[in-house]
S.K.: 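Got a structure for you, written out below as structure tokens; questions coming shortly.
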Amino acid sequence: MSGYLPPHSTGGACSEIYKAGWTLQDALFRDEDEDTTEHYLLLNPETTPTLQTLITLGSDPDKPLFKIHPLGFGLWGWGDVLTYGWGPSNGYDQKLNDDSVAGAWREIFSLSDHILLDTAEHYGYTDGYSESTVGKMLTRDVKETRSKLIFATKFFPTPWRHPWKYPGITLQSAGGSLERSKVGKIDIYQLHGPSHWGFWPKLDTLCEALAQTYTTGKVKAIGTCNLGLEQVKYVYTYMRKRDIPFVSNQVEFSLVRMDPLTTGLIEGCRKLGIATIAYSPLAVGRLTGKYSQQNPPRGNRNFGHVNWSKLDPIIEELKRIGEKHGKTPTAVALNWVVCKGAIPIPTPKNREQVNDCLQALGWRLSKNDEDRLDALGLTNAWDWNLIKHFQNWWWQQG
């Protein structure tokens, strides 16, 4: 969700990655002697996640619907103006454009073949631009990439989509996503968030609409976003009665918002065989190390927008651990999310950022460093800054 308010800052770094003051070490992306398949998203403490570490989605681990890496990518920024400053639409980041995201796409698929890419019908300066970008890329090299891609997109239950319009409005939206993305079938079709105030429409209405998209044969599995554990259980029960695979719940999860961990949401989903996908795992760039109170990020970066006095201790610890391991703060922050049993989906805007994110693989935080980050992370971090983003309060129920 891009947010409703105009950008609150005009200065700050754009598409660059953090320039560490220490020597960076290459990650061991692949271990040719390892072929580990983890089930239900909780890696064993002794497991080092690499591109050989595959996580299964689906109720039967012996016959999974999908196998994905512990790290995926979100495409929110591909075409987004309000938050990421899409350059071609006179956004603040003139380095972010079709060429830069094409470079990210090529880098992603040159390195791996079990890629989770997450987008939504409303991502982009025009609705569906992010999905259309996927369609353009696939049209160019569909044979090489479609088999490697786990494609996830979302339906948004906006309040102006009247309850009487269901399930037709959801079926139409899924058809639009398919037309734009050129994927043939949507691997995971997700409810973008709770209904407006819980009754416009009711969750039951949304479940039935999602179920009908599955019965068309154009959707392989169902997912949700921003739901709490009781809501997830409701959807799980609904879909199980219809024999429809429900595989994921996507929530904001990072060191700036540890709530899905401390409330038991991640563990509760794991017990149901439902993956937790973590959006904004870098607090929309704030945990990369390149921003500060004097150099804040541009744009309407509502998620993770807490006072810098709360962020600074976390960032300093990310840098300390990064220097020890030869990693950037980005890699450390993403590795922490993986250690907690979630799949982070950072938003890469160019090939360099793809590689920066992939440095999260090939090593694992020590228990001591993990505990230190746990102690610094924020839970229920109410902040005056969040008043300007009031939509988070009803939107994020998970």
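Counting begins at 1 with the first residue of the sequence. Here the structure is a predicted model, which is why all the values come from computation and not from measurement.
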S.K.: Can you pull the ring-ring contact (aromatic ring centres under 6.0 Å, His included) pairs that have at least one residue in residues 309-334, sequence neighbours excluded?
M.R.: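 Checked against ring-ring contact (aromatic ring centres under 6.0 Å, His included) - neighbours excluded - the pairs reaching residues 309-334 are H325-W363.
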S.K.: For a quick test of reading the model, state the closest non-hydrogen atom pair linking R298 to R301 and the distance between them.
M.R.: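 Residues R298 and R301, closest heavy atoms: O-NE, 2.9 Å.
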S.K.: Check side-chain contact (heavy atoms from CB on, under 4.5 Å) between T237 and all other residues, then give those that pass, not counting sequence neighbours.
M.R.: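 T237: side-chain contact (heavy atoms from CB on, under 4.5 Å) contacts with K241.
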S.K.: Just by distance, do the side chain of E316 and the backbone of P313 share a donor-acceptor pair under 3.5 Å?
M.R.: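 No, E316 side chain to P313 backbone: no donor-acceptor pair under 3.5 Å.
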S.K.: Find the distance between CG (N97) and CH2 (W86) and round it off to the nearest 0.5 Å.
M.R.: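 That separation rounds to 6.0 Å.
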S.K.: Measure the spacing between SG of C225 and CD of Q190 and express it to the nearest 0.5 Å.
M.R.: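 Here the interatomic distance stands at 4.0 Å.
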S.K.: Are the side chain of S100 and the backbone N or O of K349 linked by a donor-acceptor pair below 3.5 Å?
M.R.: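 Side chain of S100 to backbone of K349: a pair is present.
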S.K.: CG/L229 to NZ/K271 distance, rounded to the nearest 0.5 angstrom?
M.R.: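 NZ of K271 is found 9.5 Å from CG of L229.
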S.K.: Start with the C-alpha distance between R146 and D187, add both sets of side-chain angles, then the distance that settles salt bridge (charged side-chain N to carboxylate O under 4.0 Å, His left out), and finish with yes or no.
M.R.: CA-CA 11 Å; R146 183 60 186 103; D187 294 307; 3.2 Å; yes
S.K.: Pairing donors with acceptors under 3.5 angstrom, does anything connect the side chains of N307 and S309?
M.R.: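 Side-chain D/A pair, N307 to S309: present.
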S.K.: If you group Ile, Leu, Val, Met, Phe, Trp and Tyr by side-chain heavy-atom gaps below 4.5 Å, do W22 and V332 land in one group?
M.R.: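 No, W22 does not connect to V332 through the hydrophobic network.
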S.K.: Nearest 0.5 angstrom please: Q231 CD to C207 SG, how far?
M.R.: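 Between Q231 CD and C207 SG, I get 10.0 Å after rounding to 0.5 Å.
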S.K.: I want to check something: taking the side chain as every heavy atom from C-beta on, are I222 and P245 in contact at a cut-off of under 4.5 Å?
M.R.: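 No, side chains not in contact.
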S.K.: If you draw a 6.0 Å radius around NZ in K202, do more than 12 non-hydrogen atoms from other residues or ligands fall strictly inside?
M.R.: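 Check fails, neighbour count at 12 or below.
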S.K.: With a 3.5 Å cut-off and no angle check, do the side chains of T379 and D259 form a donor-acceptor pair?
M.R.: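 No, no side-chain donor-acceptor pair sits under 3.5 Å.
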S.K.: Provide the closest heavy-atom pair for G193 versus P157 in the form atom of the first, atom of the second, distance.
M.R.: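 In terms of heavy atoms, the two residues are closest at O-CG, 3.4 Å.
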S.K.: With a 4.0 Å cut-off on N to O distance, would you call R242 and E208 a salt bridge?
M.R.: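 The answer is yes: the pair qualifies as a salt bridge.
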S.K.: For residues I315 and L24: do they belong to one hydrophobic cluster (side chain heavy atoms under 4.5 Å, members Ile, Leu, Val, Met, Phe, Trp, Tyr)?
M.R.: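 No: no chain of side-chain contacts under 4.5 Å links I315 to L24.
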S.K.: Any donor and acceptor pair, going by atom type alone, linking the side chain of N350 with main-chain N or O of V101 inside 3.5 Å?
M.R.: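 Answer holds: no.
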S.K.: Using atom types as modelled and distance alone, determine if a side-chain donor or acceptor of R270 lies under 3.5 Å from a backbone N or O of G273.
M.R.: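 Side chain of R270 to backbone of G273, a donor-acceptor pair under 3.5 Å: no, none is there.
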S.K.: Would a hydrophobic clustering, with Ile, Leu, Val, Met, Phe, Trp and Tyr connected at side-chain separations under 4.5 Å, put F155 with L171?
M.R.: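 No.
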S.K.: Would you say the side-chain atoms of R286 pair up with the backbone N or O of F303, donor to acceptor, closer than 3.5 Å?
M.R.: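 Checking the backbone N and O of F303 against the side chain of R286, a donor-acceptor pair under 3.5 Å is found.
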S.K.: Can a donor-acceptor pair be found, under 3.5 Å and without considering hydrogens, that links the side chain of T224 to the backbone of L227?
M.R.: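 Looks like no, no N/O pair under 3.5 Å.
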S.K.: Would you indicate whether the side-chain heavy atoms of Y238 and I244 approach each other to under 4.5 Å?
M.R.: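 They are not in contact (no side-chain heavy atoms under 4.5 Å apart), so the answer is no.
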S.K.: Answer yes if the side chains of E370 and N335 hold a donor-acceptor pair under 3.5 Å, and no otherwise.
M.R.: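 The answer is no; no qualifying pair exists.
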S.K.: For Q94, I'd like to know if atom CD has over 12 heavy atoms of other residues, nucleotides or ligands within 6.0 Å.
M.R.: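 Enclosed: over 12 neighbouring heavy atoms sit under 6.0 Å from CD of Q94.
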S.K.: Is there a side-chain contact between I150 and L117 (heavy atoms, below 4.5 Å)?
M.R.: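 Side chain of I150 against side chain of L117, heavy atoms only: no contact under 4.5 Å found.
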S.K.: Atom CG in L358, atom CG in L71: separation rounded to 0.5 Å?
M.R.: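 L358 CG to L71 CG: 6.0 Å, rounded to 0.5 Å.
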S.K.: Any side-chain donor paired with an acceptor under 3.5 Å for D356 and Y18?
M.R.: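 Result is no, nothing qualifies.
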S.K.: Do S130 and L75 make a side-chain contact, defined as non-hydrogen atoms from C-beta onward lying under 4.5 Å apart?
M.R.: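 When only atoms from C-beta onward are counted, L75 and S130 do touch, with a gap below 4.5 Å.
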S.K.: Do W78 and D98 make a side-chain contact, defined as non-hydrogen atoms from C-beta onward lying under 4.5 Å apart?
M.R.: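 Answer no - side chains too far apart.
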S.K.: Would you check if D243 and Y214 make a side-chain contact, meaning some heavy-atom pair closer than 4.5 Å?
M.R.: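 D243 vs Y214: side chains apart.
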S.K.: Check whether the side chains of E121 and T153 place a donor and an acceptor atom closer than 3.5 Å, and report yes or no.
M.R.: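 The criterion, which ignores hydrogens and geometry beyond distance, is not satisfied for T153 and E121.
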S.K.: For the pair R364 and D369, find out whether any cationic side-chain nitrogen is under 4.0 Å from an anionic carboxylate oxygen.
M.R.: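 No.
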S.K.: When hydrophobic residues are tied together by side-chain contacts of less than 4.5 Å, even through go-betweens, does I17 share a cluster with I321?
M.R.: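 Each belongs to a different hydrophobic cluster.
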S.K.: Answer with yes or no whether the side chains of Y123 and K154 bring together a donor and an acceptor at under 3.5 Å.
M.R.: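 Note: K154 and Y123 side chains meet the donor-acceptor criterion.
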S.K.: Are more than 12 heavy atoms, taken from residues, nucleotides or ligands other than K95, located less than 6.0 Å from that residue's NZ atom?
M.R.: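 Atom NZ in K95 is not packed in, count stays at 12 or less.
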S.K.: Does L178 share a hydrophobic cluster with L210, counting links as ILVMFWY side-chain heavy atoms below 4.5 Å and allowing steps through other members?
M.R.: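 Yes: a chain of side-chain contacts under 4.5 Å links L178 to L210.
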S.K.: Is the backbone of E317 close enough, under 3.5 Å, to the side chain of R372 for a donor and an acceptor to pair up by distance?
M.R.: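 No; judged by distance alone, with no hydrogens or angles, the pair does not exist.
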S.K.: So, does W200 use its side chain to make a donor-acceptor pair with the main chain of P159 at under 3.5 Å?
M.R.: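 Pair found, side chain donor or acceptor close to backbone of P159.
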S.K.: What I'd like to find out is whether the side chain of M258 reaches to under 4.5 Å of the side chain of L378, using heavy atoms alone.
M.R.: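 Not in contact.
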S.K.: Give a yes or no on whether the backbone of E107 and the side-chain of R351 come within a donor-acceptor separation of less than 3.5 Å.
M.R.: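 Answer holds: no.
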S.K.: Near R320 CZ, under 6.0 Å, is it more than 12 heavy atoms from other residues, nucleotides or ligands?
M.R.: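 For R320, atom CZ is crowded (more than 12 foreign heavy atoms under 6.0 Å).
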S.K.: Say whether W336 and D374, considering side chains only, have a donor N or O and an acceptor N or O under 3.5 Å apart.
M.R.: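 Yes, a side-chain donor-acceptor pair sits under 3.5 Å.
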S.K.: Going by atom types only, do N226 and Q250 share a side-chain donor-acceptor pair under 3.5 Å?
M.R.: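 No pair is found: no donor N or O on one side chain lies under 3.5 Å from an acceptor on the other.
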S.K.: What distance separates F156 CZ from S173 OG, expressed to the nearest 0.5 Å?
M.R.: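 So the CZ of F156 and the OG of S173 are separated by 11.5 Å.
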S.K.: Side-chain contact test, heavy atoms from C-beta onward, threshold under 4.5 Å: evaluate it for T119 versus W76 and give yes or no.
M.R.: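 No - every pair of side-chain heavy atoms lies 4.5 Å or more apart.
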S.K.: Is a side-chain donor or acceptor of K220 paired with a backbone partner of I186 at a separation under 3.5 angstrom?
M.R.: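 No; judged by distance alone, with no hydrogens or angles, the pair does not exist.
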